[in-house]
Amino acid sequence: MPTVSVGRDRLFTALGRSYTQEEFEDLCFSFGIELDDVTTEKAIISKEKHLEEEKPSADDEIIYKIEVPANRYDLLCLEGLAQALLVFNGKEKIPKYTVANISKASMLKMHVKKETSLIRPFLVCAVLRGITFDEASYNSFIDLQDKLHQNICRKRTLVAIGTHDLDTLQGPFTYEALPPPEINFVPLKQVKNFRADELMEFYKSDLKLKKFLHIIENSSVYPVIYDRNRTVLSLPPIINGAHSAITLKTKNVFIECTATDLTKAKIVLNTMVTTFSTYCKRKFEVEPVEVISFDGKSSVYPDLSEYNMEVPLSYITGSIGVPLEVDEVTSLLKRMQLHAEKAGSGEAKISVSVPPTRSDILHPCDVMEDVAIAYGYNNIPKRTLSSLKPLPLNQLSDLIRYEIAMNGFTEVLTWILCSKKENFEMLNRKDDKSTAVIIGNPRSSDFEVVRTSLMPGMLKTVGHNKDHPKPIKIYEVGDVVLLDEKKDVGASNRHLLGALYCGANSGFELIHSLVDRIMEVMGTPFVPVGDKSGYFIELSNEPEFLSGRQAKIIYKGGRIGIFGIVHPEVLNNFDIPDPCSFLELDIESFL
C-alpha cells in the first residue's frame, strides 16, 4: 500500500480545523485509510542518510505518513487527500471538473510521428492555465509525479510524465522517435549539451535515473518531444529538457504523458490535472490539447467526462447486510465523491456518475464498497452466515489449541518456508530428495524448501528468545508439505501440532503428559502394544532426538506422531543452551 507523507499543519489548514492525533486516526479509519506514522522532516532525512536521529524540537515540522489504497491515485498527495476528506465530512461539494470551451483551431497541437509506434506509441497532453505555485504546492506537484511513476506507471515502463513551463515553448509540438545521435539537448539540472547516446552513459552513475535507462537504451530509436523551434521538451521516459523546466514563477504548465498503455496514460493525466487544477485561476478547469496521429486521426485530451453506472439497491444492501433506503445510499455515495440518484421506476436502482478522479470504480462491487466505508464498517452488525460452516479440521484444530493453552502453552506462528539446512542438516537429518518440496529460484537462502516438520521454526523461535524467563512452553498448529506421487500436484499438506518445552531440565515428563491429555480429550484410550482400538507408544530412533529418550505414537496401527528430548547437537545448531523436549502430532489422523 502506498504511503503519502504530508505536513500535519498544512493538512489541517486545508481541512479547515485541527485534530488531535486520536481524532485524525479515527477520521482516517472512517474513510478507509490509515495514519501509519508520525515523524518529522529531520527524522526522515536522517533515516535516508543513515544518520543518528536527532531529538525533535518544537520547531520541527510534524509529518503524517498516511497509508492509502493502491488503486486510489487521487489520494497520493495532500491536495487529493484534503479534497476527499472535506467532501467526506460534508464541508465541500463534489468538485465539477471541466475542459475549457475552446475551438479545435485554438487548441495547442501535438503531432505524433509514425516511428514512435516502435517504442512508446501513445501520448496524451493537457494544459493548466493561470496556475499559482508556492513552495509547498510546487513540491507536492513534483512528489505526485514520483508517486504515480512508482505506482500505476510501473517505474515509468507503462507511462512517463513530463511537465513544462508553457511560456518558454511555442506550439505546435511533435512527438518523434529518432536515432540517438540525432537528438541533442541540455537535460534538466545540467548546463552542457548532450547527445542522447552520451546521456545514457552519463546517467549510468546517477542513482535515481539509472534504473530507468533499460526501458529505451537498447532501442534503435529514442522517443523525443519537440516544439515548433525544435527545442527538446523531454526524452521520455528518462529526463526533461532544462529549457522548459517549471519553477515557482511558472503560470502555465504543459503536461505530456508518453505511454505503452493508453488507458493508464489517460488515468495518470486525469489525476495530475484534476488534482492541481485547484490552484488554477479558473478552478477545476483544464485546457485541452489536440493530439494528431500520423494516420490523421485526431483526439482531444484530457477526457474529464463522467461515466454512468446503474447498481441495484438490493445488491448493495444484500452485500453489506444492512437495510438501507435509496436516499441513504445516495447520500453515502456523495460523501465518497460519487454523484448518485435514484434511477427510473420499477426495481430500486442507483444511478452513479463516476468522476475522472475515481478510476478505481470499475464494477458495482466498488460502489457497494464505498457505501460500506461511508456507512462505517464498525456500524455493520456482526452475524454468522447461515451457509458458513467451519471445516471439521479447523474445528478440531481450535479445540486442540484451546486445550493446550489451558495447559500453559503459548501459541506461535512460524514461516512455512525454511532453508534446506534448517530442515535437514540442523536436525541431524539426511536429505533423501523424496520428502521436501523445493522452491524454484528462491529470493533468499532462508526460504529454499517447504517445511516437512514444525520443529525447525519452533527451535528458531526459542533460539531467538533464549534470554526469555524459563521455562518456555510454546506450541503451533500448522501445515507441513510432503512430496506425494499419489496427488495430482505431486505433494500433499498435513496439518500438525507441535509443542516444545525448554527449561532447566528437559521436561520430558511434561511433554509425555501433554500427549496423554490430548489423547484423553480426543476420547482415545491407551491400549497394549498391537491393539488397534486406541493408541500406544513405541521406542523410536530419530536423529533429531536423544537416543533412548524418544517414542513414536501409534494410533489404529499407524504412526501419527513422535515426542522426545531434543538431541544436544540439534540444540547447539539452533544456539539453544537449555534442554528441550518436543512433540509433533498429525491432527488429521483423528478425523
Side-chain angles (χ1 to χ4, degrees), residues 100 102-131 133 141-142 145 156 159-199 216 221-259 265 268-269 272-273 276 280 286-294 296-302:
I102 59 175
S103 66
K104 270 196 174 183
S106 303
M107 288 182 194
L108 282 171
K109 305 286 192 294
M110 174 69 79
H111 297 274
V112 180
K113 301 296 184 181
K114 185 176 182 180
E115 293 76 16
T116 57
S117 60
L118 299 173
I119 185 161
R120 293 178 80 83
F122 304 112
L123 180 134
V124 295
C125 310
V127 175
L128 293 177
R129 288 274 183 191
I131 197 167
F133 285 122
F141 185 71
I142 301 301
Q145 294 177 60
R156 306 191 190 182
V159 186
I161 309 165
T163 55
H164 312 276
D165 188 335
L166 184 58
D167 295 331
T168 65
L169 303 167
Q170 288 188 324
F173 304 98
T174 57
Y175 176 43
E176 306 177 21
L178 301 173
E182 296 181 20
I183 303 171
N184 287 271
F185 70 106
V186 179
L188 195 64
K189 297 181 180 179
Q190 301 295 326
V191 293
K192 176 187 171 183
N193 199 67
F194 286 87
R195 285 202 325 261
D197 51 344
E198 294 173 339
L199 204 57
I216 64 168
V221 290
Y222 288 178
V224 60
I225 300 175
Y226 290 103
D227 77 346
R228 184 171 65 184
N229 300 321
R230 301 301 286 176
T231 301
V232 172
L233 278 70
S234 66
L235 181 75
I238 310 302
I239 193 73
N240 290 343
H243 180 83
S244 58
I246 64 170
T247 66
L248 290 175
K249 296 180 180 179
T250 297
K251 290 298 178 185
N252 301 302
V253 178
F254 180 71
I255 303 173
E256 42 85 4
C257 299
T258 60
V268 170
L269 182 66
M272 289 293 300
V273 298
F276 283 90
C280 290
V286 183
E287 182 180 315
V289 175
E290 184 183 7
V291 177
I292 304 168
S293 181
F294 60 87
K297 182 182 177 182
S298 171
S299 302
V300 175
Y301 299 105

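Computed from heavy atoms alone, side chains included, the values below leave out hydrogens, waters and symmetry copies. Counting from 1, the numbers follow the sequence of the chain as shown. All of these numbers come straight from a predicted model, not from anything done at the bench.
When all heavy atoms of Ala100 and Pro288 are compared, the closest pair comes out as O-CD, 3.8 Å. The shortest heavy-atom contact between His243 and Leu169 is CD2-CD2, 4.0 Å. Taking every heavy atom of both residues into account, Phe185 and Leu235 meet most closely at CZ-CB, 3.8 Å. Across all non-hydrogen atoms, the minimal contact from Val286 to Ala126 is CG1-CB, 4.0 Å. Here the closest heavy-atom approach between residue Asn240 and residue Glu256 is recorded as OD1-OE2, 4.4 Å. Smallest separation of non-hydrogen atoms from Glu182 and Tyr226: O-OH, 4.2 Å.
Other residues, nucleotides and ligands place no more than 12 heavy atoms under 6.0 Å from the NZ atom of Lys113.
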Take Met272 and Gln145 through the side-chain contact (heavy atoms from CB on, under 4.5 Å) test and state the conclusion after the steps. CA-CA 8 Å; Met272 289 293 300; Gln145 294 177 60; 3.6 Å; yes

Please walk me through it: do Phe133 and Val253 pass side-chain contact (heavy atoms from CB on, under 4.5 Å)? CA-CA 11 Å; Phe133 285 122; Val253 178; 4.0 Å; yes

Determine whether Leu178 and Val221 satisfy the following criterion, side-chain contact (heavy atoms from CB on, under 4.5 Å), listing intermediate values before the conclusion. CA-CA 5 Å; Leu178 301 173; Val221 290; 5.8 Å; no

Step-by-step side-chain contact (heavy atoms from CB on, under 4.5 Å) determination, Ile246 to Phe254: CA-CA 9 Å; Ile246 64 170; Phe254 180 71; over 6 Å; no

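Within the model, atoms SG of Cys280 and CD1 of Ile131 stand 4.5 Å from one another, a figure rounded to the nearest 0.5 Å. Rounding to the nearest 0.5 angstrom, the gap separating the CG atom in Leu233 from the NE2 atom in His164 is 4.5 Å. Here CD of Glu287 is found 4.5 Å from CD1 of Ile102. Values are rounded to the nearest 0.5 Å. Here the OG1 atom belonging to Thr163 is positioned 10.0 Å from the CG atom belonging to Leu128, to the nearest 0.5 angstrom. Rounded to the nearest 0.5 angstrom, Leu269 CG and Leu123 CG are separated by 9.5 Å. Between Ile225 atom CD1 and Tyr175 atom OH the span is 6.5 Å, to the nearest 0.5 Å.
Asn252 places a side-chain N or O within 3.5 Å of a backbone atom of Gly130 that can act as its donor or acceptor partner. Judged by distance alone, with hydrogens and angles left aside, the side-chain atoms of Glu198 form a donor-acceptor pair with the main-chain N or O of Arg195 at under 3.5 Å. Between the side chain of Thr247 and the backbone N or O of Lys249 there is at least one donor-acceptor pair closer than 3.5 Å. The backbone N or O of Pro172 sits nowhere less than 3.5 Å from a side-chain atom of His111 that would complete a donor-acceptor pair. Remark: side-chain polar atoms of Asp227 are paired, donor with acceptor, to backbone N or O of Gln170 under 3.5 angstrom. Checked by atom type and distance alone, the side chain of Lys109 pairs as donor or acceptor with a backbone atom of Lys104 at under 3.5 Å. Although no hydrogens or angles enter the test, the distance criterion places no donor-acceptor pair under 3.5 Å between the side chain of Lys189 and the main chain of Pro187.
Within the 4.5 Å cutoff, no side-chain heavy atoms of Ile183 are placed close to those of Leu199. Inter-residue side-chain proximity for Val124 and Val291 is flagged as unmet; no heavy-atom pair is nearer than 4.5 Å.
Aromatic ring pairs are classed by plane angle as parallel below 30°, tilted from 30° to 60° and perpendicular above 60°; the pair Phe141 and Phe276 is perpendicular.
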